[in-house]
Structures are given as structure tokens and as C-alpha cells.
There are 2 protein chains.
Amino acid sequence: MADSSTQVRPGGRSAKVRAAVHRAVAELLAEEEAETLTLPAVAARAGVHPTTLYRRWGSTAQLLTDVATSRFSDDLVVPDSGSLAGDLERWLADVATDVADPDTLALMRATIATGPAGGCACVEDRHRQLGAILRHEVERGGTAPEVESAADSLLGPVYYRAVFTSEPASADWARGLVATYLSTLPQSSADPRPTDTR
Amino acid sequence: MADSSTQVRPGGRSAKVRAAVHRAVAELLAEEEAETLTLPAVAARAGVHPTTLYRRWGSTAQLLTDVATSRFSDDLVVPDSGSLAGDLERWLADVATDVADPDTLALMRATIATGPAGGCACVEDRHRQLGAILRHEVERGGTAPEVESAADSLLGPVYYRAVFTSEPASADWARGLVATYLSTLPQSSADPRPTDTR
DNA sequence: AAATTATCGCACTGATCGTTGCGTTAGTGG
DNA sequence: CCACTAACGCAACGATCAGTGCGATAATTT
């Protein structure tokens, strides 16, 4: 979010402030204070002056998208188990357990409300990871569906359950989603249950 | 939201105020003022005194859930075309075109942010309609899957695309979802007309 | 090491929000 | 038609938010 026209200065202090503010946002959202998430409140929790937040982020919407993009871009490495089914099962199970966390869910809900770009910020990196998994399968010599198709059938149910319903999205259920999805593909019948590596 | 211990009075004036407030909320959300959706702003737009909103609804969260439940509970009658595939295709196409409306989407986003119950308020009636469609098939003598399974595979992709991605959810695409979903069911071969495919 | 400047803290101000007490309007039932 | 009372409008009041000018701090460059 730093302005690129001027010289950026990611030194120790700015980084510390940014980290403290991000942590404060996550804490306040975790305490179901979604309605009262205001810049002075975040500043007080982070031990920073409110003016800093008004200058660096300007509004809660921009602050939330910043927090969401940095939260949903790290961790969750792409697996490489040797088969498409194994990769997808492991990856989607990780995604399901991630969005099952109430704190993560609160951040997602608040980010979605910031506008059409908010939802994209939550799943942008997931699509990138899914594309990498499918590309791995093609490089192995196999065939893989389009990212959009896989996202519809895999990420769709997981995020739908997390956001719209009160039913839990367990890891086993996510693995079942992968199995049924692969069964609909025309020629993915290489191996029905090749879970583990080598 | 009315207190049940006292005598409720749904006379002309209260209904008018409620309708004006609901319309004001929809208008403000349509103008991408999601961040500044405050009770005084809604009151000014509705031509009502802010005190009325503070007394009847109390907070923007409760007002939003009220608007969302009344918005997502009417219209959209359950079709009865004679076959499960036909019913689901028609219904899901209607759902897709409904959530494709930017104003409807803005209301959904704002409602989701109010808490875990917000998302449920958006799709509660959809699950009821889906249950009715599946029950119709059973009464016809056929077999139907569980509501949860159908919601995962049908509502999941539709709402996921609407909220999290920037891709359009067209009616034809929704009908394709129904076709692929029914093909995964174990004994859907009893259906004489699996897909209509224009 | 010294100069430069991005970044932050502080004090202050106008605007708006959330709430309460009280009087008025208008549905509801006798 | 009349009493009753739920619901609304009005006017105030703290409290908090959003924003601005200025000086201090610290990261970066020379």
C-alpha cells in the first residue's frame, strides 16, 4: 500500500508499526468487534497514534484489504505428492481447516464488505495455488481441467459453507469433494485412489 | 424485531416507515456507500428521524439482517417442471441471475459482515426452496440427494463466484452445474431426461 | 558523520454519531 | 366516537470520529 511515487522506507519502525496494526486488526475482529472496527480503536489496540492510521491507510476499507492480502498470501505451501488427486486433497483439506478458523472467517467477512475487490483479495492466492497444482499435473504428462472449473467445484463449496452456512467444513469432507470432482472429469481415470507419494 | 411482550402495531405508519427505511438501505448500498452506511444516513435518505432507527433497530447490523431476510425471502417461486433436472436448472438459473445484480450483491456483502448469522440470512430461504424441490422429486417416486450435498455443489459455486471472484455467473453456466452435479449421483439414471442442453 | 526526508507523535478543531427525555401523532379496541 | 398507547418527531447532550498543522524521531543517502 506504500506510495510508489516517493521513496519507500520499509525500515524497522514502519515495519513494526505495520505489524502491530495488522495484529490489532486481527485481534479486534476476533473479539467480534466487527461493527466497531474504527481507526482510533485499532490505533489504541496497536499502541500507535490514530493519525498514523489516517495517513497510511486512510480508511478501514483500505486497511482491511491490506491486512487480508498479506494474511491470505503467505503460508500454505503447494503440495507435490506425485498425483493430481493427492495434491488436490491435501491442498483443499488445508484450505478447509484454514477457513474453519473463526478469526480467519471474521477477517474474511469484514474484507468482503469493503467492496467487490475484497472478496477477490481473499481468494486471489488460492487461485494461484490451484493453477500451480494443475500445471504440475500437466508437466507430469497428465491432463488437468481449467482453473475456473476446479475453483467452482472445490473452492466454491468450501467457502460457501464457511461464509453462508453454519455447517462445519471438515478436512475429510473436503477430500470427498476432490474425489467426486475428479470423477466428473472426462479422462482423469488414471488412478482412482493414489493418495500417498511414490 | 418488535418486542413480543407488548402489543404489536403493524398499522399504516409503521409499515410505511419500515418500507422507506428498507428502500433507503438498498439505495445507499447500491451507491457503493457500504462504508458510510450509518443510521443517520439511512434516516436522512428515508425521510425519517434518526431516533426512530435507533429505537426500532438499534444498530446497522440488526437493520441489515432485517433488510436481508425480507429481501431474500420473497419472490423466486419454486418451479415444478415435472423432473428434478428441469426444476433444478430453472431454479438455479434464477438464483444466478438474482445474485448477478450488483445491488443485491452489495446487500449480501454488507449483511455478511454483520456476523455469522448474516450469511445464513442470505441463503436460509434458498435452502428451504432447494429442500422443496428435492422433496417434490421424492413424492414423484424418484430419488433425491440430501439438501446439504445439493447446496454444496449448486449454491456453492454460484455464491462463490458472486462474492469472491469477478467472473460472471450466467444462467447457462448455472444450468451446466446442475447437469454435472446430477451425473455424479449414484442412481440418477432413472431420470429419463438428464439434461435439456438447449 | 552530517544532511535529507519519510514517518510518526502531539495538540487541536469541526463534524457526526449514539443516546435520552419529553411532547405529539396516529393506529387500535371498546 | 373516545380512551389508550404504540410509534414517531424534536431538541438537547456527551462521546467519538475524521482531519490538519507542526515539531520530533529515525531511516537512508552522501
Side-chain angles (χ1 to χ4, degrees), chain A residues 1-25 27-29 31-67 70 110 113-115, chain B residues 1-25 27-29 31-67 70 110 113-115:
Chain A
M1 285 305 145
D3 194 354
S4 58
S5 67
T6 62
Q7 184 175 4
V8 78
R9 182 180 291 192
R13 191 158 82 154
S14 294
K16 269 182 76 76
V17 168
R18 189 179 135 104
V21 168
H22 280 214
R23 192 169 350 108
V25 169
E27 287 180 14
L28 288 178
L29 285 177
E31 295 168 3
E32 52 191 333
E33 313 281 349
E35 196 70 19
T36 66
L37 186 75
T38 176
L39 292 191
V42 175
R45 174 63 65 104
V48 183
H49 206 270
T51 316
T52 301
L53 301 187
Y54 283 110
R55 287 203 230 272
R56 280 190 64 162
W57 288 280
S59 68
T60 61
Q62 299 182 19
L63 174 58
L64 272 174
T65 55
D66 185 30
V67 173
S70 78
T114 62
Chain B
M1 296 304 152
D3 195 352
S4 60
S5 67
T6 62
Q7 183 177 5
V8 78
R9 183 179 290 193
R13 190 156 84 153
S14 294
K16 271 180 75 78
V17 167
R18 189 179 136 102
V21 169
H22 279 215
R23 194 170 346 110
V25 170
E27 288 179 13
L28 289 178
L29 285 177
E31 297 168 2
E32 49 191 338
E33 312 282 350
E35 195 70 21
T36 65
L37 186 75
T38 178
L39 291 191
V42 175
R45 175 63 64 103
V48 183
H49 205 268
T51 316
T52 301
L53 301 187
Y54 283 110
R55 286 204 229 270
R56 279 190 64 162
W57 287 280
S59 69
T60 60
Q62 299 182 19
L63 174 58
L64 272 174
T65 54
D66 184 30
V67 173
S70 76
T114 63

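In what follows, every chain begins at residue 1, and chains take the letters A, B, ... in the order their sequences are listed.
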*In chain order, what residues pass the side chain to side chain donor-acceptor pair (under 3.5 Å) check against T114(A), with sequence neighbours excluded?*
none

*In whole Å, what is the span from the NZ atom of K16(A) to the P atom of dG9(C)?*
12 Å

*List for me each residue that meets side-chain contact (heavy atoms from CB on, under 4.5 Å) alongside T38(A), sequence neighbours excluded, and say none if there are none.*
P40(A), A41(A)

_From the set dG9(C), dT7(C), dA7(D), return the single nucleotide nearest to any side-chain atom of R56(B)._
dA7(D)

_d(CG, L53(B); P, dC10(D)) in whole Å_ = 14 Å

*Residues in side chain to side chain donor-acceptor pair (under 3.5 Å) contact with S59(B), at least two apart in sequence or another chain*: none

*Under the side-chain contact (heavy atoms from CB on, under 4.5 Å) test, which residues partner A34(B), sequence neighbours left out?*
L29(B)

*Summarise protein proximity over nucleotides 13-21 of chain D in one line of letters, 5' to 3': B for base, S for sugar-phosphate only, - for none, counting protein heavy atoms closer than 4.0 Å.*
----SBSBB

_Residues forming a side chain to side chain donor-acceptor pair (under 3.5 Å) with R18(B), sequence neighbours excluded_ = D66(B)

*Check side chain to side chain donor-acceptor pair (under 3.5 Å) between E27(B) and all other residues, then give those that pass, not counting sequence neighbours.*
R45(B)

*Partner set under side-chain contact (heavy atoms from CB on, under 4.5 Å) for A46(B), not counting sequence neighbours*: A20(B), V21(B), A24(B), V48(B)

*In degrees, rounded to 10°, what is the bend between the two ends of the helix from dA1(C)-dT30(D) to dG30(C)-dC1(D), using five pairs at each?*
50°

*Would you kindly give the CD-to-C1' distance between E35(B) and dT16(C), to the nearest whole Å?*
15 Å

